[in-house]
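Computation of the quantities below employed the complete heavy-atom set of this structure, encompassing side-chain atoms and omitting hydrogens, waters and symmetry-equivalent molecules.
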Amino acid sequence: MMNYTAQEVIQYVKEDGVKFIRLAFCDPMGRQKNVAIMPSELERAFDTGIAIDGSAITGFGQSVHSDLLLHPEAGTLTGLPWRPESGRVVRMFCRIYHPDGRAFACDSRRILADAVAAAAERGFSFSFGPEMEFYLFKSDENGESSGVPHDRAGYMDIAPGDKGENIRREICLTLEKMGIRPETSHHEEGPGQNEIDFRYADPMTAADNAQTFKAVAAAVAAGSGLCADFTPKPIQNAPGSGMHVNFSVKSRNAQDYLPQAIAGIMEKITDITAFLNPCEASYMRLGGNKAPCYVSWSAENRSQLIRIPAASGEYRRAELRSPDPAANPYLAFALLIYAGLYGIENDLELPMCADFDLFSAPPELLRDFRRLPESLDQARRLAAESAFVAGHLPKALVDFYCGR
């Protein structure tokens with residue numbers, strides 16, 4: 001995130017031929033929304049905000065007292081490289097407020113900001129690096145997904161079998177133009193399935209980057225006559241798509257608190273699964289093709305909920321393998337921060353390590369392991385009953401996710 005001020009953004013828009021400014025936000029499920037304003041409205045946007053009808057956004061509330069205001073954050077300014085140079089378009093992410101100045105409770109960027117602040121007050125900072133899997137499908141005559149994969153390649157195959165190579169390249173180059181640093185990209189196991197991984201960043205930047213990535217992938221794919229699909233299980237008999245989350249924690253006293261943070265996440269994972277895996281298809285993915293179904297950890301294999309790669313120093317991290325791309329990254333990262341803090345503050349110890357393949361293990365080895373929720377209904381029930389979730393998310397948001 002750049003340290004632009006509102007005045008610098010106004011000046012940039014005037015001098016660089018910008019004609020449209022997109023004010024972006026997301027609904028509780030993480031679906032991106034935006035309203036475009038003209039440069040003449042930019043100063044008003046910074047001063048008083050731009051009004052939207054909150055009742056028209058699913059999960060934002062009822063028609064009574066529905067007016068909400070978008071306040072752009074100058075530091076999130078970026079151009080949209082796939083838009084024409086003539087009449088340039090830029091975008092800023094926004095915070096959401098009520099007209100009386102109160103922060104909107106279901107603004108997930110604010111929820112994440114509060115989690116980051118809570119960690120900082122305790123002397124901790126978290127970093128996240130998501131690994132985003134997605135499918136590319138051919139478009140039908142209406143520009144919608146045909147359900148036909150773009151190719152039939154497999155894991156880390158190369159062209160010409162891997163037809164997604166040029167699409168991934170274009171996505172990565174576009175992200176670089178927007179100041180985002182992809183680390184690696186490759187074809188995944190499923191037909192038409194791809195993955196792009198990101199360098200670790202602070203939580204807000206990582207969540208913004210995940211949202212930007214989805215928009216870029218969709219735009220680049222559409223420009224090539226394809227559809228980018230970020231649902232967790234688009235093909236029944238093929239691998240699902242995950243959003244593996246690499247995370248690390250640093251402390252003010254330079255001690256290593258990663259084990260305690262991992263233990264906290266493992267203890268609270270069933271409480272928060274409804275937010276990490278928020279749709280029915282999420283539970284078709286879990287438990288198959290290396291997607292976890294047990295609460296476990298290991299340094300040695302990928303059948304676990306959490307894997308701790310062999311690394312030290314600034315690269316010491318853990319990888320949470322249950323989330324999928326349908327998750328709202330702001331809520332996901334906020335809950336992971338709070339769960340990590342819970343483990344640190346209670347000095348939790350890691351449970352027994354599972355250095356074996358849980359998918360082929362005999363039943364007697366699995367008896368001591370808790371299972372992740374096996375359905376969306378079960379995940380919702382656990383979230384609704386969780387004092388931990390209630391302590392960190394607004395009731396309206398919990399009720400919305402839990403179908404109440």
Side-chain angles (χ1 to χ4, degrees), residues 126 131 232-233 239-240 242-249 255-278 280-311 316-324 327 332 335-392 402:
F126 288 76
E131 300 175 3
K233 191 72 172 178
M243 183 181 73
H244 302 161
V245 178
N246 294 280
F247 64 93
S248 62
V249 58
Q255 291 185 29
D256 181 12
Y257 289 95
L258 184 61
Q260 292 95 321
I262 294 171
I265 290 171
M266 291 181 68
E267 180 160 324
K268 298 301 182 183
I269 191 67
T270 56
D271 294 36
I272 66 176
T273 292
F275 303 92
L276 306 181
N277 306 94
E280 296 280 1
S282 299
Y283 300 86
M284 297 169 62
R285 167 184 164 263
L286 293 174
N289 297 100
K290 295 187 289 190
C293 60
Y294 290 97
V295 181
S296 61
W297 73 276
S298 172
E300 297 186 4
N301 71 73
R302 286 174 164 80
S303 66
Q304 314 295 334
L305 172 68
I306 293 180
R307 185 174 71 96
I308 306 177
R316 180 160 166 72
R317 59 184 172 85
E319 177 190 37
L320 179 67
R321 298 178 59 80
S322 63
D324 64 56
L335 288 168
L336 293 176
I337 289 171
Y338 286 126
L341 290 175
Y342 174 84
I344 292 170
E345 292 173 343
N346 289 279
D347 197 23
L348 299 186
E349 294 184 0
L350 281 172
M352 176 180 60
C353 178
D355 284 332
F356 56 89
D357 185 353
L358 278 81
F359 293 119
S360 60
E364 57 268 20
L365 273 181
L366 300 175
R367 288 181 188 137
D368 293 330
F369 292 93
R370 294 158 55 217
R371 287 189 68 102
L372 292 174
E374 298 181 61
S375 68
L376 181 58
D377 283 345
Q378 184 185 9
R380 285 173 167 175
R381 185 172 65 255
L382 291 169
E385 296 170 352
S386 170
F388 175 79
V389 169
H392 296 298
C402 295

In this structure, CZ of Phe359 is separated from SG of Cys293 (nearest 0.5 Å) by 5.5 Å
Would you indicate whether the side-chain heavy atoms of Leu372 and Asn277 approach each other to under 4.5 Å? no
Ignoring hydrogens, what is the shortest heavy-atom contact between Met352 and Trp297? Give both atom names and the distance. O-NE1, 3.7 Å
Got a second to check how far Asp377's CG is from Arg381's CZ, nearest 0.5 Å? 7.5 Å
Give me the atom names and distance for the closest heavy-atom approach of Arg371 to Thr270. O-CG2, 3.7 Å
Can you list everything that forms a ring pair (Phe, Tyr, Trp, His ring centres under 6.0 Å) with Phe388? Sequence neighbours excluded, please. His392
Evaluate Tyr283 against Thr273 for side chain to side chain contact (heavy atoms under 4.5 Å, CB included), listing each step before the verdict. CA-CA 10 Å; Tyr283 300 86; Thr273 292; 3.5 Å; yes
Tell me, please, which residues at least two apart from Glu319 pass side chain to side chain contact (heavy atoms under 4.5 Å, CB included). Glu131, His244, Asn246, Arg307, Arg317, Arg321
Mind checking the CG-CG spacing from Leu341 to Leu336? Nearest 0.5 Å is all I need. 11.0 Å
Should Val249 and Leu258 count as side-chain neighbours, where that means a heavy-atom distance under 4.5 Å? yes
Hey, does the side chain of Gln304 reach the backbone of Leu320 with a donor-acceptor pair shorter than 3.5 angstrom? no
Could you pull out all residues at least two apart from Leu348 that satisfy side chain to side chain contact (heavy atoms under 4.5 Å, CB included)? Ala263, Glu267, Tyr342, Asn346
Side-chain contact test, heavy atoms from C-beta onward, threshold under 4.5 Å: evaluate it for Lys233 versus Asn289 and give yes or no. yes
Taking atom CD of Glu280 and atom CG of Leu376, what is their separation to the nearest 0.5 Å? 4.5 Å
Quick one: are Tyr338 and Ile272 in side-chain contact, heavy atoms under 4.5 Å? no
Quick one: closest heavy-atom pair of Asp324 and Ser282, and the distance? OD2-OG, 2.7 Å
Got a sec, which residues hit salt bridge (charged side-chain N to carboxylate O under 4.0 Å, His left out) with Glu385, two or more places apart in sequence or on another chain? none
Please find the pair of heavy atoms, one from Cys402 and one from Arg380, that lie closest to each other, and give the distance. SG-O, 3.3 Å
Residues in ring pair (Phe, Tyr, Trp, His ring centres under 6.0 Å) with Phe247, at least two apart? none
Between OG of Ser375 and CG of Leu286, what distance do you get to the nearest 0.5 Å? 11.0 Å
Calculate, to the nearest 0.5 Å, the distance between atoms CG and OG belonging to Leu305 and Ser296 respectively. 6.0 Å
Test: salt bridge (charged side-chain N to carboxylate O under 4.0 Å, His left out). Region: residues 288-298. Which pairs qualify, not counting sequence neighbours? Glu189-Lys290
Taking all heavy atoms of Leu276 and all of Ser322, pick out the closest pair and write down the distance. CD1-OG, 4.2 Å
Please check if the number of heavy atoms outside Glu364 that lie under 6.0 Å from its CD is greater than 12. yes
Tightest non-hydrogen contact, residues Arg316 and Ser248, listed as O-CB, 3.4 Å
